Number of protein chains: 2
Amino acid sequence: MSAIGDVARLAGVAKATASRALSGRGYVSTETRAKVVAAAQEIGYVASPNAASLVTGRTQSVGVIIPFISRWFFGEVLESVEQALLDQGYDMTLYNLPPESLERDRVFDFFLARKRFDGIISVGVALSEREVEHLHRLGRPLVGIGGPIRGTTTIEIDDVAAARLATEHLLSLGHRDIVHVGGSQVDEMDFHVHSNRLRGFQAAMMAAGLSVSGCFYSAEFTMPGGYERGLAILGDPRRRPTAIFAASDEIAFGLILAARELGIRVPTELSVIGIDGHPYAEMFRLTTLAQHPRAQGGLAVRTLLAELATKDGTKLHTRRESTAPDQTDTDGTSDSIVLATNLVIRSSTSAPRARVTHGS
Amino acid sequence: MSAIGDVARLAGVAKATASRALSGRGYVSTETRAKVVAAAQEIGYVASPNAASLVTGRTQSVGVIIPFISRWFFGEVLESVEQALLDQGYDMTLYNLPPESLERDRVFDFFLARKRFDGIISVGVALSEREVEHLHRLGRPLVGIGGPIRGTTTIEIDDVAAARLATEHLLSLGHRDIVHVGGSQVDEMDFHVHSNRLRGFQAAMMAAGLSVSGCFYSAEFTMPGGYERGLAILGDPRRRPTAIFAASDEIAFGLILAARELGIRVPTELSVIGIDGHPYAEMFRLTTLAQHPRAQGGLAVRTLLAELATKDGTKLHTRRESTAPDQTDTDGTSDSIVLATNLVIRSSTSAPRARVTHGS
DNA sequence: AGGCTTCATGGAACCGGTTCCATGTTGCTC
DNA sequence: GAGCAACATGGAACCGGTTCCATGAAGCCT
């Protein structure tokens, strides 16, 4: 269609001047700029980002890797990341890599290897040494959400602490017979979320002098997952706990539904607490430790763009002359930014009923 | 980093030959190709898509516009679209445009106007005349999901028919006192889904000789939305219907929860049917009219890529010489591909209890 | 053996921008 | 009024590929 050359011709200036006028870089007189802008407007000129990328090395777009799209946490992160990037004029290209994805290598070796992104955000995907290495070699900033990645800034919550706080809430209400329903070790490959929450639970229990053996059940991280586990755990009245700490709100919802189905009153006969701050928590009156995925997404984008701005001094476009001796760039700030969670108390938790001593 | 020139030099051939060898276009002897491939392998060469796009006009990437990410239907579509595109070597760039988005114009005029995409998929976003016009002018294929867009191939289900079928299921069980809980007119701007489902409901009711006045209640398209409406509708025992047709499974879940909370048995005292085929339907034992968003997404991609392949003959790269007289390209196949839905009967629906005649 | 087609390869133009460098202008200082 | 900095602009190189065109070597036909 219309190229910048056409704009220049129409405005009666050189390509170089038109470029400067439109991009705002370098010296251009006010009148010239006006002429160029008018010409561009007239023929409906829109710059080709490809051409610009080719010479500047900047693409104005960011790649995002994520294992799930429709699970609440990930959907929220995605929405906030997209929003923040759009605000700053960046495109977001999405790679959905479920835990067992066969495409994984192809995404890393082919899609991400092309210099198509100014930076990459990895959400809840545990990267292998090789993969991190691979991405670092691209010389593009990489920011993670949801767990530490070696040599990379990561936004996360303190899962151990969150789990401990949730458990302590139950303990403080007087519960002694507490069970944790969390993610299975098998799904764990995707991050340490599951085991961290389990550890937090165990830490709190042990600090209270309670045994943790037999207190953990695994479930899928979904409402049906919690529901099924709930039916199994609560089915046997003699082994029924007085409180359950669920590793996610969705699991907690499922547990509550299972309890209702079995005629067990929440919270009178069973307290349930979750982690997430899911929008449905209000409806289920669920007490939960709220995390804020949108804040995490927004912060990830700000962090990435800040690193990008810093790196701006150092020409992104690797000039062949500057044969820097393959520095591994380990100076990369490997901080882990921990965001706060907060306890939202609703009516799914309360003190346990007066204890009925078993067996006598 | 490494450019194709480096590969060529290492292999001892010209850039042109290296390009042919790697892209597989044009004549290259087997040995030469081997040499080039080996050289490329050796220095870890990865082609720059930007440079290629610049000359070919193809970007190997597709833009997707979608109003929600975390709602079930949209998440599913997104996952399947991404998957299908990745399979074919395409990138997916995502634009999240919620109904009231202020970014809307910016996305159309700036982000989508740059020749960055080979095609565009619009999911559940009603496009204005101007926007369609705008996209068509780019000369890139456009495929819609979820509703007709003038002059564009669209993948959809027959919402009217699906609603009618759902309603007929309730009627065939003997229900006469049926209520429809669907999307509000206000959200409607995003598509005709809401009003189409309402129309299907009304058609079935009227065909059965029943009045439809006062039989419709609007709700947010979420579980809490259905829950709240459910409490209101079912709260008054005298005006309680024997069956509810919910416009979405999530609404249906909410209705079921409300019923349980009010001590109303499903399906004995209240039948509930939804539309969607949500994965949680199993857990809620919900009878529903299943649609298949993944199939819709996959088909949309296949359709788009097919149009792209056709257009391939006609040089995508508009050569300045071919000053074709601004043809509006109204030949565009404006088909609407309608995908099937199917009734999945579970135990949220049954015949109504023996009728208790009111008032006497 | 001469002429043609098919295959192989290199040189150079080109896609559409950005940026370096050279060449002028002004305007201000001493 | 000479000297110098800041401002304006154009020409040309360049980013990294693809493709057109020309040249040449085989292989085949008559």
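Predicted model only: the values in this text are computed from it and were never measured. Per chain, numbering begins at 1; letters A, B, ... match sequence-line order.
- In this structure, K35(A) places its NZ atom 13 Å from P of dA8(D), rounding to the nearest Å.
- Distances shown here put a side-chain N or O of Y27(A) below 4.0 Å from the OP1 or OP2 atom of dC7(D).
- A close approach under 4.0 Å does occur between a side-chain nitrogen or oxygen of Y45(A) and OP1 or OP2 of dG17(C).
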Intermediate values then yes/no, salt bridge (Lys or Arg N to Asp or Glu O under 4.0 Å), K35(A) and E31(A): CA-CA 6 Å; K35(A) 270 195 304 186; E31(A) 315 110 67; over 6 Å; no
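- Under the 30°/60° scheme for interplanar angles, the aromatic rings of Y95(A) and F117(A) are found to stand perpendicular.
- Listed candidates were dG16(D), dT18(D), dG17(C). Nearest to the side chain of L54(B) is dG16(D).
- Side-chain atoms of E103(A) and D87(B), non-hydrogen and from C-beta on, do get closer than 4.5 Å to each other.
- Here the side chain of T56(A) is nearest to one of dC15(C), dC7(D), dT19(C), namely dT19(C).
- Counting heavy atoms from C-beta outward, L94(B) and I69(B) have side chains that approach closer than 4.5 Å.
- Atom CZ of R114(B) and atom C1' of dG16(C) are 15 Å apart (whole Å).
- Residues satisfying the salt bridge (charged side-chain N to carboxylate O under 4.0 Å, His left out) test with D109(B), not counting sequence neighbours, are R130(B).
- Listed candidates were dT18(D), dC7(C), dT18(C). Nearest to the side chain of A52(A) is dT18(C).
- Distance R116(A) CZ to dC15(D) P: 21 Å, rounded to the nearest Å.
- In this structure, CD1 on I145(B) lies 12.0 Å from OG1 on T153(B), to the nearest 0.5 angstrom.
- Contact annotation: S29(A) reaches the phosphate of dT9(D) (side-chain N/O to OP1 or OP2, under 4.0 Å).
- Distance CZ (R25(A)) to C1' (dC7(D)): 18 Å, rounded to an integer number of Å.
- Side-chain N/O atoms of T32(A) include one lying less than 4.0 angstrom from OP1 or OP2 on dT9(D).
- If you take CD1 of I4(B) and C1' of dC14(D), they are 17 Å apart, rounded to a whole angstrom.
- OP1 or OP2 of dT18(D) lies within a sub-4.0 Å distance of a side-chain N or O belonging to S19(B).
- Stacking of R104(B) on the aromatic ring of F108(B) is not recorded, the 6.0 Å distance cut-off and the 45° axial limit not both being met.
- Atom NZ in K115(B) sits roughly 12 Å away from atom P in dC15(C) (whole-Å rounding).
- In the set dT9(D), dT18(C), dG17(D), the nucleotide with an atom closest to the side chain of A3(B) is dG17(D).
- Residues T93(A) and T93(B) bring a donor and an acceptor atom of their side chains to less than 3.5 Å of each other.
- Here the C1' atom of nucleotide dC15(C) and the CZ atom of R58(B) are 16 Å apart, to the nearest Å.
- Rounded to an integer number of Å, the gap from CD of E31(B) to C1' of dC7(C) is 12 Å.
- Judged by atom type and distance alone, R20(B) reaches the base of dG10(C) through a side-chain donor-acceptor pair under 3.5 Å.
- Looking at residues 7-17 of chain B, you'll see K15(B), A16(B) sit with a heavy atom under 4.0 Å from some atom of DNA chain D.
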